[in-house]
Engineer: 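Just passing along the structure, written as structure tokens.
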Amino acid sequence: MVRVLDPQSLGIQDDTRTRGSIALVDCVSFYASCERVFEPALDGRPIIVLSNNDGCVVAASPEAKQIDPDIMGKPWFKIEAWSRMAGVVARSSNYELYGSLSARVMAIIGKHSAWQEVYSIDESFIGLTGEGFELIATGQRIRSEVMQSTGVPVRVAIGATKTLAKVAALGIKRTPEMNGVCDFSAYTPAQQSRILASIPVTDLWGVASRTGKKLAALGIFTAKDLRDADAARIRKRFSVVLARTVLELRGIPCIELEMQPPAQKEQLIFSRSFSRKLTKPDEMAQVTAMYAQRVGQRLRKQGSLAGMMQVWAATGWADEGTPPHSTSVTVRLPAPTDDPIELARAAAFILPKLFPKELPGVRYARLGVVLNDLRPAASTPMLDLFSADDRELGATLDGITQKLGRDAIGVGVGGLKTPPGWEMKRAMLSKRATTEWDELCEAAA
């Protein structure tokens, strides 16, 4: 006998079941699509995008995946020769371009709904009203407007719940005839069951392979099997999260919408690997100063103050002839602050403690600056009447870097104009055409 699980026991409110349809709008091969926007010659060509320091493949266009279905995650140095012979175009990660185009895409998507949840850099949930052909027509309008305004292709997957919208997205990927839009609710119950029976349970949103193995032991192999399972039993054996997935597959919205801005982070980190190993104190000083400046920008953007700073550095895991080594130092700041001068002073204070003289010849491969003990700036006590208030300095620096680029100005050695030779390697970087004046595209008429 199957027990009925009360949706309210899973935190489901009545209003979550009366929102109409939920659409998942996701960009098609987003990184690769962004690379094509300002370089039309790449249309139809296989493209891969590499990770930091041009390490591994983190994104690939459908054309590249057709050539090698397992190309994701492969190190560039192993496939470089093969890629060039196969006509695959490689690009370094252009985070500035991707972030800018993502903001534009999400703004356009948001105009088609009263609510929107930006789920990731290339995915957004929105609410839609209407039935049948109305929903399909709205989906096509979204695709057309985003493509016309940004050049980025998107898919629109529609369902009664977030999970069913994700299921519809799987259908779009597998069925080009859908022309980028699918409404799962348009199918009959029998058709929906056949569709869910064709989907392995591990292909569902939020179901990991380890969970899939445990479900298989219970005879649950497909999405249909999970939909028809005893939700109370699933909750007891696994978690309330998986029990919500069971109800979502039945068309009962259980996964809350996250339309509010994300909560403030309790820790901020800026860390990068270097394009080459560093051994000189002056280079490490510049790294630390620049990273402290950049994590400070994130701190002010979040509207927080930091009470502690940590700096860590480590060697490469594959550095021959040198045993792995890491070092870390944490200091408490005199007072919670977001002042770039105070953060630079703290970083300078940490340096001699982080790199003592008794460790000569260590080849550092990466470094990170971490800010802890964060608190909202508005909650700090009133400043001492006789102390200098330098909070406007941070806002001024941020305004300059926003207009002229993050390397336009800095504090101390973090503001040196000469580009450092150790910065992250991006040898195949495309133009940052939406964020850098010097890299704007030119059109010949």
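All values below were derived from every heavy atom in this structure, side-chain atoms included, with hydrogens, water molecules and symmetry-related copies excluded.
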Engineer: Say you draw a straight line from OG of S144 to CE of M147; how long is it, rounded to the nearest 0.5 Å?
Structural biologist: 9.5 Å

Engineer: Can any side-chain N or O of T222 pair as donor or acceptor with the backbone N or O of D225 at less than 3.5 Å?
Structural biologist: yes

Engineer: So L333 and L305, do their side chains get closer than 4.5 Å, heavy atoms only?
Structural biologist: no

Engineer: Would S124 and Q116 count as a side chain to side chain donor-acceptor pair (under 3.5 Å) if you check the C-alpha gap in whole Å, the side-chain angles of each, and the deciding distance to 0.1 Å?
Structural biologist: CA-CA 7 Å; S124 182; Q116 177 183 24; 2.9 Å; yes

Engineer: Can you tell me how far CD1 of I67 sits from CD of E63, rounded to the nearest 0.5 angstrom?
Structural biologist: 8.5 Å

Engineer: Taking all non-hydrogen atoms of both residues, which atom of A223 and which atom of L249 are closest, and how far apart?
Structural biologist: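 Looking at all heavy atoms of both residues, the closest pair is O-CD1, 3.6 Å.
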
Engineer: Go through the steps for R235 and L242 under the test side-chain contact (heavy atoms from CB on, under 4.5 Å), then give the verdict.
Structural biologist: CA-CA 7 Å; R235 178 180 181 180; L242 192 59; over 6 Å; no

Engineer: How far does CG of D26 sit from NZ of K173, to the nearest 0.5 angstrom?
Structural biologist: 6.0 Å

Engineer: Assess the residue pair E35 and Y98 against the criterion (side chain to side chain donor-acceptor pair (under 3.5 Å)); give the C-alpha distance rounded to whole Å, side-chain angles, the decisive distance to 0.1 Å, and a yes or no.
Structural biologist: CA-CA 9 Å; E35 295 293 341; Y98 308 152; 2.6 Å; yes

Engineer: What's the spacing between S61 OG and Q66 CD if we round to 0.5 Å?
Structural biologist: 8.5 Å

Engineer: Do D68 and K74 sit within salt-bridge range, that is, some charged N less than 4.0 Å from a carboxylate O?
Structural biologist: yes

Engineer: What are the two closest heavy atoms between A347 and M309, and how far apart are they?
Structural biologist: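 Heavy-atom minimum between the residues: N-SD, 3.8 Å.
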
Engineer: Just by modelled atom types, is the A313 backbone N or O under 3.5 Å from a matching donor or acceptor in the S326 side chain?
Structural biologist: no

Engineer: Could you please spell out the steps behind the side-chain contact (heavy atoms from CB on, under 4.5 Å) verdict for V57 and I79?
Structural biologist: CA-CA 10 Å; V57 178; I79 65 171; 3.7 Å; yes

Engineer: Take S120 and D122 through the side chain to side chain donor-acceptor pair (under 3.5 Å) test and state the conclusion after the steps.
Structural biologist: CA-CA 5 Å; S120 67; D122 64 343; 2.9 Å; yes

Engineer: Could you measure the distance from the CD1 atom of I350 to the CZ atom of R345? Nearest 0.5 Å is fine.
Structural biologist: 14.5 Å

Engineer: Can you name the nearest heavy-atom pair linking I108 to S149, along with the distance?
Structural biologist: CD1-CB, 3.4 Å

Engineer: Is it true that a side-chain atom of S198 and a backbone atom of I195 form a donor plus acceptor pair closer than 3.5 Å?
Structural biologist: yes

Engineer: Are any non-hydrogen side-chain atoms of E123 and L24 less than 4.5 angstrom apart?
Structural biologist: yes

Engineer: Examine distances only and state if a side-chain atom of S100 and a backbone atom of E96 form a donor-acceptor pair shorter than 3.5 Å.
Structural biologist: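 Judged by distance alone, no pair lies under 3.5 Å.
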
Engineer: Check whether any side-chain N or O of S113 sits under 3.5 Å from a backbone N or O of W115 as a donor-acceptor pair, and report yes or no.
Structural biologist: yes

Engineer: Whether R45 and E39 form a salt bridge (side-chain N of Lys/Arg under 4.0 Å from carboxylate O of Asp/Glu) is what I want to check.
Structural biologist: no

Engineer: Salt bridge (charged side-chain N to carboxylate O under 4.0 Å, His left out) between R375 and E266: does it pass, once the steps are laid out?
Structural biologist: CA-CA 8 Å; R375 63 199 68 185; E266 298 180 356; over 6 Å; no

Engineer: Do I126 and I109 touch side chain to side chain, with heavy atoms closer than 4.5 Å?
Structural biologist: yes

Engineer: Minimum heavy-atom separation for G212 and V207, please, with both atom names.
Structural biologist: N-CG1, 4.4 Å

Engineer: Do the charged groups of R227 and E248 touch, with an N to O distance under 4.0 Å?
Structural biologist: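 Result for this pair is no, no salt bridge flagged.
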
Engineer: What I'd like to find out is whether the side chain of V370 reaches to under 4.5 Å of the side chain of V311, using heavy atoms alone.
Structural biologist: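 Answer no - side chains too far apart.
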
Engineer: Checking the side chain of S102 only, and the main-chain atoms of I121 only, is there a donor and an acceptor separated by less than 3.5 Å?
Structural biologist: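 Present.
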
Engineer: Which atom pair, heavy atoms only, marks the closest approach of S185 to A160?
Structural biologist: OG-N, 3.8 Å

Engineer: Between S93 (side chain only) and Y95 (backbone N and O only), is there a donor and an acceptor less than 3.5 Å apart?
Structural biologist: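 A pair under 3.5 Å: no.
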
Engineer: Can you check whether T315's main-chain N or O pairs, donor with acceptor, with R366's side chain at less than 3.5 Å?
Structural biologist: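 Confirmed, R366 side chain pairs with T315 backbone.
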
Engineer: Please check if the side chain of T434 supplies one atom and the backbone of L97 the other of a donor-acceptor pair under 3.5 Å.
Structural biologist: no

Engineer: Taking side chain as C-beta onward, heavy atoms only, is M308 less than 4.5 Å from T330?
Structural biologist: yes

Engineer: Does a side-chain heavy-atom distance below 4.5 Å link T161 with I252?
Structural biologist: no

Engineer: Which residue pairs pass the salt bridge (charged side-chain N to carboxylate O under 4.0 Å, His left out) test when at least one of the two sits in residues 188-211, sequence neighbours left out?
Structural biologist: R174-D203

Engineer: For the backbone of G307 and the side chain of N372, can you confirm whether one donor and one acceptor N or O come within less than 3.5 Å of each other?
Structural biologist: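 Flag not set: sc N372 to bb G307 has no pair under 3.5 Å.
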
Engineer: Applying salt bridge (charged side-chain N to carboxylate O under 4.0 Å, His left out), can you list everything that pairs with R332, at least two apart in sequence or on another chain?
Structural biologist: D373

Engineer: side-chain contact (heavy atoms from CB on, under 4.5 Å) for V88 and I47? Distances and angles first, verdict last.
Structural biologist: CA-CA 6 Å; V88 176; I47 304 171; over 6 Å; no

Engineer: Would you call N94 and V49 a side-chain contact if the rule is heavy atoms closer than 4.5 Å?
Structural biologist: no

Engineer: Are W312 and S271 side-chain neighbours, meaning at least one heavy-atom pair lies under 4.5 Å?
Structural biologist: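 Of all side-chain heavy-atom pairs linking S271 with W312, at least one is under 4.5 Å.
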
Engineer: Please, which pairs that meet ring pair (Phe, Tyr, Trp, His ring centres under 6.0 Å) have at least one residue in residues 187-209, sequence neighbours excluded?
Structural biologist: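 For residues 187-209, and leaving out neighbouring residues, the ring pair (Phe, Tyr, Trp, His ring centres under 6.0 Å) pairs sorted by first residue read Y119-W205, F125-W205.
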
Engineer: Can you see whether F270 has R272 sitting over its ring - NZ or CZ less than 6.0 Å from the centre and within 45° of the normal?
Structural biologist: yes

Engineer: Atom CD1 in I172, atom CG in N179: separation rounded to 0.5 Å?
Structural biologist: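 It is 10.0 Å, given to the nearest 0.5 Å.
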
Engineer: Does R91 form a side-chain contact (heavy atoms from CB on, under 4.5 Å) with I48? I'd like the steps, not just the answer.
Structural biologist: CA-CA 6 Å; R91 289 288 183 265; I48 59 175; over 6 Å; no

Engineer: Would you mind telling me which of S33, C27, S29 makes a side-chain contact (heavy atoms from CB on, under 4.5 Å) with P153?
Structural biologist: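 Answer to the side-chain contact (heavy atoms from CB on, under 4.5 Å) test with P153 among S33, C27, S29: S33.
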
Engineer: May I ask you to decide whether E145 forms a salt bridge with K111, counting only side-chain N to carboxylate O separations under 4.0 Å?
Structural biologist: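 Result for this pair is yes, salt bridge flagged.
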
Engineer: Which atoms form the tightest heavy-atom contact between A169 and A157, and what is the distance?
Structural biologist: N-CB, 3.3 Å

